[in-house]
Each structure stands twice: as C-alpha cells, then as structure tokens.
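Position 1 is the first residue of the sequence, and the numbers go up from there. What you see is a predicted model; the values in this text were computed from it and never measured.
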Amino acid sequence: MGDLKGNTSQGNGSEWHASMSVALALGLGFFVLTSVAGVLGVGLVVGYRNTSELLTQKAQLIIGTQRQQVERYLTAASDQIDFIASKISSEEVEPDGSEEFVSLLLGAVSATPQILRIQFIDRRQVLTGVERTEDETLPIFSKLGDDIDLRHLIDDSIDSGKAHWGKILWREEYGQSVLSYQRPVIQKGTIVGVLSAWISVIKLSEFLADQEMEFGANVFILYSRDAVLAHPLMAFGYAGLNRAVPLPQQDRFADPIVSAMWQPNDRFSVAKYFLTGANTRFVAYADWEFVIFFEELSDYGVEPLTVATYFETHDIIAEAARLKWAIIFCLVMAVISAGVAALIGQEIAKPVRRLSDSAKRVHDLDISNVDEIEGSFFRELDEAARSYNFMLEGLRWFELYVPKRLVRQLMRQNAGKQTKSSHRDVVIMFTDIVEFTTLSEHLTAPQTASFLNDHFAGLASCIQNNRGTIDKFIGDSVMAIWGALEHQDDAADLACNAAIDIGKWIADYNQHRRVDVGLAYSVRLRIGIHIGRVVVGNIGSEGRLSYTVVGDAVNVAQRLEEAGRVLGNANGEVNILVSSSVRSALVDPIEFERVGAHKLRGREELVEIYSLALNRP
C-alpha cells in the first residue's frame, strides 16, 4: 500500500513538473508575445489609419484633379457661349450675320478647340454660326429647315428660359456625337434667339487621352452610368454608333475595366480595407486587380456625368504594401521573441524541475537516492542549488541517527505540528547479545563496529518488516516499540513475529559465520517483550528531543530480557521471554512454554513469564 501511494505521488509529481515547465515557458513566451504584440498592435493600428487616410486623400486628390480638368474643359465652352450671349444682350453686337458677329464666333471657336460648332438661331429660324472642319473653320448661314435636333434645341431653350446642357446628339455630318450647351438670348426683356455650342465627343476623348499621357491616369466619363461619353479609345471615333445609339454601352465597352465597373467583385483585396473614404470600385481582370475612383457631375447634361479614373491596385497602395511588410516583420519578430522567451523559460524551469524532483525524494525520506542539483547560469537559481546541496548533505547525516519510519509517521500524523505526549498501550522489545564483552575482546575496534553494524542491520530488518519502530540502540542492545506511532490491534502479534524472525536470522548468521568465515563462536541473543501503558511523546530538552516511550512497562521489558540469563532457553541461540500480558493481547494464538511466575529485578510483584518457541513455520 505504501509503495502504491509512493508511486502515485511520484507520477503526480512528474505531471506537475511537466506542467510547471510548460507553464513557465508558455508564460514567459505569452508575456513577451502580448507585450510585443501590444506595442506592435498600437503601432500597426496607427500606421493602418494613417496609411488609410493617406491613400484615401491620394485617391480623392487624383479623382478631384481629373474632375477639375473635365469641368474646366466643359466650362470653357459654356463660358464662350455666356460671353457671346452677354454681348448680344447688351447690344454691343447684333446677331445679324454681320462680319463683326461672325468674327466674334470665329474667335470663340478658335479659342476653344473642344467646340465643334457655335450657332445662333433667331426667332425667324435663321441660323448664323461657325463650324470646325478638318482643315479650317467656316461660317454657316442657313434656314433651320427640317433639322429636328435644332428645332428641339430651340423649343427646350425657350421653355426653360435659361442656359443649360442638353441631350447627347448624333450628328451625321460630323460622324460623331456631340454634347450641346444652349442659352436663350434676351434683349430688352425679349428672347431674340438661342445661342448654342456643340462640344465634340471625339475632342473630349482626345483631351482624356492627353490626361493619360500627362498624369498616367486612365480617365473616362460615363453618361448616366450606363453609357460611355468619352474615353481615350474614342479619340478616333467608335464603331457602331448612330442616332439610335449615340454612345457606347458601358457594360459592352472595349475597355474590360470600364465594362466591369459595376459588376460585383467578392475577391479579397488589401486595397478594400485601406481605400474607405472615396467612391471606389474594385475590378478583377485576369491576374490583375484595378481600383476605380469616380465622382459624379450633375450640371453638365440632362443625365449626370461620372468622371472616373482607374489604376492597378499595386500602384495606388504602395504605402499599404510597405505596411504589409512591416506587419510581417513585426509578426516574425514577435514569434522570435516569444520563442526566445520560451527557451529562457525552459532553461529556468530545468533547475526548478530538478529541485522539485529532489524535494519529492526528500519528502519521501529517500535521501540516499537524492542526487545533488547542478548549478545554473542564473545567479539566484545557482545560489538555491548550492544551498539545497548543503542541506542535502546535512540530511544524509541526519538520516543515520533518526529512524526513517518514525519521521515519516510523525509527518503523516502531525503535518509539522508539535507532537503532544500521551498515555498509550505499547509493546516494547529489548534485545541484548549474550557475553558481548567477552566476544568483543577478540575483535579490533573496526571489527567490533562492523560486527555491530551487521547485527543491528539484521535485527532492524526483522523489526521493520513487522511494522515495528527502533526506538534506540543502547550499546549492543536494541529497543523497539509497536503501537506508539499508530494504533495497531495486532501489535503483540507483530512483536512476537519480529522476535521469531530475529531468531531465524541469528541462526542463519551463525551458520554463515561457521561455514563461510570459519568462526566457531556463535552469537547468542536474549529478547524480552512486554506490553503496558506508557508515556509516548517527545522527551528531552528544547534543543535535543527524542520521540520515545517511558514508563514501568519499559522497565519490565528490559527486566524480561535480563531474566533470560537464567530463565527459558538460557543456553539457546535466541532466548525469547514474554509477559502474560503479551500472550493475552495476541490476536492469533502462538505456541508458548510457560516459565512460571517470577520476581524481576527491582520489582516486588511476581510476573507470569512465557518462553516463545522458535519452531513456527
């Protein structure tokens, strides 16, 4: 049972050691990891926000610049119309087809190459204008006739009564669509005609192509989100357009990035997490990913215009890429730091684990099998190891003088508390070597010590195997007790069995001496056993205590051993005398021979004495 408990305890200790070592390593690693991760986390959050804001501002700057360029391009045309209209309204010039008026129109077209045509249509439906051809700019003088676009232009302007951008018109004579701007001209409170300008879609696309060359930006303009108004691919015209379809459809446009602009895209993109403050669309094409920035213009047509530009995400989030590498570097450093901390934790845990293993053996009083602890690189642990080794050396000497079973039992029962003395029925055994003085005369001092050590070792083994405790060695005598450290119902049986085992051991010992050593002299032993009430506890001074038993029963046991000189089997190898109280306390019957009632030395009353037979199986 004791071995089982010891093994179980040792197993639990090993598990605790393993968990302690792992916990220390993981604890240090986790502490370093969380510390580094906390600092890196704050830095990365700040870096993320700064990068996000910078990229968003960059996106807004890019699209804002393009929007301003487009606005400036379109506004230049409308400003020319507004200027000419103001001249007519103030009567500084008459829209009568005069050379002065035509010169004014020619100057406006020459200053704004995006204007394909400027024309004034009066209330008589007479058209006076200037148009740009491939080679020159020419005046136009004609009647309105059946031109539906011009009639609608006049009707819309008169109905609205103010300047505005009109619909997209397909003009067959130019082979392209135009964006119109018209303004009713008021003179003396009366509308005298409508002044309009047609902006070439091809010229607008040429302008966007120049922007691409200058800024590296792929700029395009959508009309009502589902048609392409201008794009560098339209700078030389675009096939398939006519009056019914004046503009290319966005979702079928030749530029795959433009055609996929409004399509859903669930592909993961780092840019999505950084470009959060601008109107953006992300388009995946083949192995590339593009980001589109766009803004709407609502004052340049019946339908809103969408100015957009796109880039490869790699180009626009170069800052984010640097942040990504910073994140990777920080994570690697955090893992390395945690690993180094874990290794340091392991190095710290090794001596602690060895100390724990040794302390477990000391707890089990297995001091002879405890190894000294090696030193450590860490000063505090090295000092602890040296102090522990010094303590271990003292315990080894202490183990030689204190019964191990006594200490273990006291530790188990009292758990470090002061042991109180008490009255208890205890079985006491005394042994003594017959004529030891004569025997020792023929031995040297080392031989005498060796002989006694062998003798006591054999007796101690027999006593301890029968759960007895050696109280003390007195010269060549042994005092042993049962029932003092713990209650034992069969204490008398155990003491008698221990005496019988001693008798057998003495017989074997003498046989060995005669056969192997060649000594004819046999060792003879007297044993006295008695049971009675004694005082059990710590006896002695504050600095020198002995856990023992005192009382009349101790004297009786010793007198029984002395009586063996003349009573019982006085001439035998082992003479065991017990009192009648021991015989009465037996649980299982044992064969005795009655010696009779005798008066022991120093006592008045008679004691009934029995001799214990040694022929038990």
Participant: Minimum heavy-atom separation for Leu105 and Gly129, please, with both atom names.
Facilitator: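 Scanning both residues, the minimum pair turns out to be CD1-CA, 3.9 Å.
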Participant: My understanding is that only one of Ile88, Asp96, Ile84, Ile81 makes a side-chain contact (heavy atoms from CB on, under 4.5 Å) with Phe120; could you say which?
Facilitator: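 With Phe120 as partner, Ile88, Asp96, Ile84, Ile81 yield a single side-chain contact (heavy atoms from CB on, under 4.5 Å), made by Ile88.
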Participant: Rounded to the nearest 0.5 Å, what separates atom OH in Tyr223 from atom OG in Ser177?
Facilitator: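 That separation rounds to 10.5 Å.
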Participant: Taking Thr112 for its side chain and Gln114 for its backbone only, find out whether a donor-acceptor pair lies under 3.5 Å.
Facilitator: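 Side chain of Thr112 to backbone of Gln114: no pair is present.
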Participant: Is any side-chain N of the basic residue among Glu91 and Lys188 closer than 4.0 Å to the acidic one's carboxylate O?
Facilitator: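 Answer for the salt bridge query: yes.
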Participant: Would you check if the side chain of Ser160 reaches a backbone N or O of Lys162 as a donor-acceptor pair within less than 3.5 Å?
Facilitator: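 Answer holds: yes.
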Participant: Where do Met261 and Ala308 come nearest, in terms of heavy atoms and distance?
Facilitator: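 In terms of heavy atoms, the two residues are closest at CE-CB, 4.4 Å.
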Participant: Distance from Tyr174 atom OH to Leu116 atom CG, nearest 0.5 Å?
Facilitator: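 The CG atom of Leu116 is 5.0 Å from OH of Tyr174, to the nearest 0.5 Å.
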Participant: Let me confirm one number: the CD-CD1 distance from Gln125 to Ile154, rounded to the nearest 0.5 Å.
Facilitator: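 Result: 6.0 Å between the selected atoms.
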Participant: Side-chain contact, heavy-atom cut-off 4.5 Å: Lys87 with Glu94?
Facilitator: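 A side-chain contact is absent here, since even the closest heavy-atom pair is not under 4.5 Å.
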Participant: Which residue in the set Asn218, Leu233, Val228 passes side-chain contact (heavy atoms from CB on, under 4.5 Å) when paired with Asp255?
Facilitator: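 Passing option: Leu233.
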Participant: Does a salt bridge link Glu296 with Arg67, judged by any charged N lying under 4.0 Å from a carboxylate O?
Facilitator: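 Answer for the salt bridge query: no.
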Participant: Please step through side chain to side chain donor-acceptor pair (under 3.5 Å) for the pair Tyr300 and Ser78, ending with a clear verdict.
Facilitator: CA-CA 10 Å; Tyr300 295 92; Ser78 62; over 6 Å; no
Participant: Using every non-hydrogen atom in the two residues, find where Ala230 and Ser205 come nearest and quote the distance to one decimal.
Facilitator: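 Closest heavy-atom pair between Ala230 and Ser205: CA-OG, 3.4 Å.
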Participant: As an exercise, state the distance from CZ of Arg117 to CD1 of Ile115, rounded to the nearest 0.5 Å.
Facilitator: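 Interatomic distance, Arg117 CZ to Ile115 CD1, rounded to 0.5 Å: 13.0 Å.
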Participant: Mind telling me whether Trp165 and Tyr181 have parallel, tilted or perpendicular rings, with 30° and 60° as the class edges?
Facilitator: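 Taking Trp165 first and then Tyr181, their aromatic rings sit tilted (interplane angle of 30° to 60°).
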Participant: If I take atom CZ from residue Phe220 and atom NE2 from residue His231, how far apart are they, to the nearest 0.5 angstrom?
Facilitator: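 Phe220 atom CZ to His231 atom NE2 measures 6.5 Å (nearest 0.5 Å).
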Participant: I'd like to know if the side chain of Ser259 reaches the main chain of Pro256, judged simply by a donor and an acceptor atom lying under 3.5 Å from each other, with no hydrogens or angles considered.
Facilitator: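 Yes, Ser259 side chain to Pro256 backbone: donor-acceptor pair under 3.5 Å.
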Participant: Short question: side chain of Arg151, backbone of Gly145 - any donor-acceptor pair under 3.5 Å?
Facilitator: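 Confirmed, Arg151 side chain pairs with Gly145 backbone.
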Participant: The test is side chain to side chain donor-acceptor pair (under 3.5 Å); show your working for Ser90 and Glu92 and say whether it passes.
Facilitator: CA-CA 5 Å; Ser90 63; Glu92 294 182 32; 3.3 Å; yes
Participant: Using every non-hydrogen atom in the two residues, find where Thr280 and Phe293 come nearest and quote the distance to one decimal.
Facilitator: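 Looking at all heavy atoms of both residues, the shortest contact is CG2-CD2, 3.4 Å.
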Participant: Could Arg171 and Asp149 be called an ion pair, given the rule that one side-chain N must be under 4.0 Å from one carboxylate O?
Facilitator: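 A salt bridge is present here (some side-chain N lies under 4.0 Å from a carboxylate O).
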Participant: Looking at the rings of Tyr310 and Trp288, which for Trp means the six-membered one, are their centres under 6.0 Å apart?
Facilitator: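 Not close enough - the centres of the two rings lie 6.0 Å or further apart.
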Participant: What distance separates Glu131 CD from Gln119 CD, expressed to the nearest 0.5 Å?
Facilitator: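 Taking CD in Glu131 and CD in Gln119, the distance rounds to 9.0 Å.
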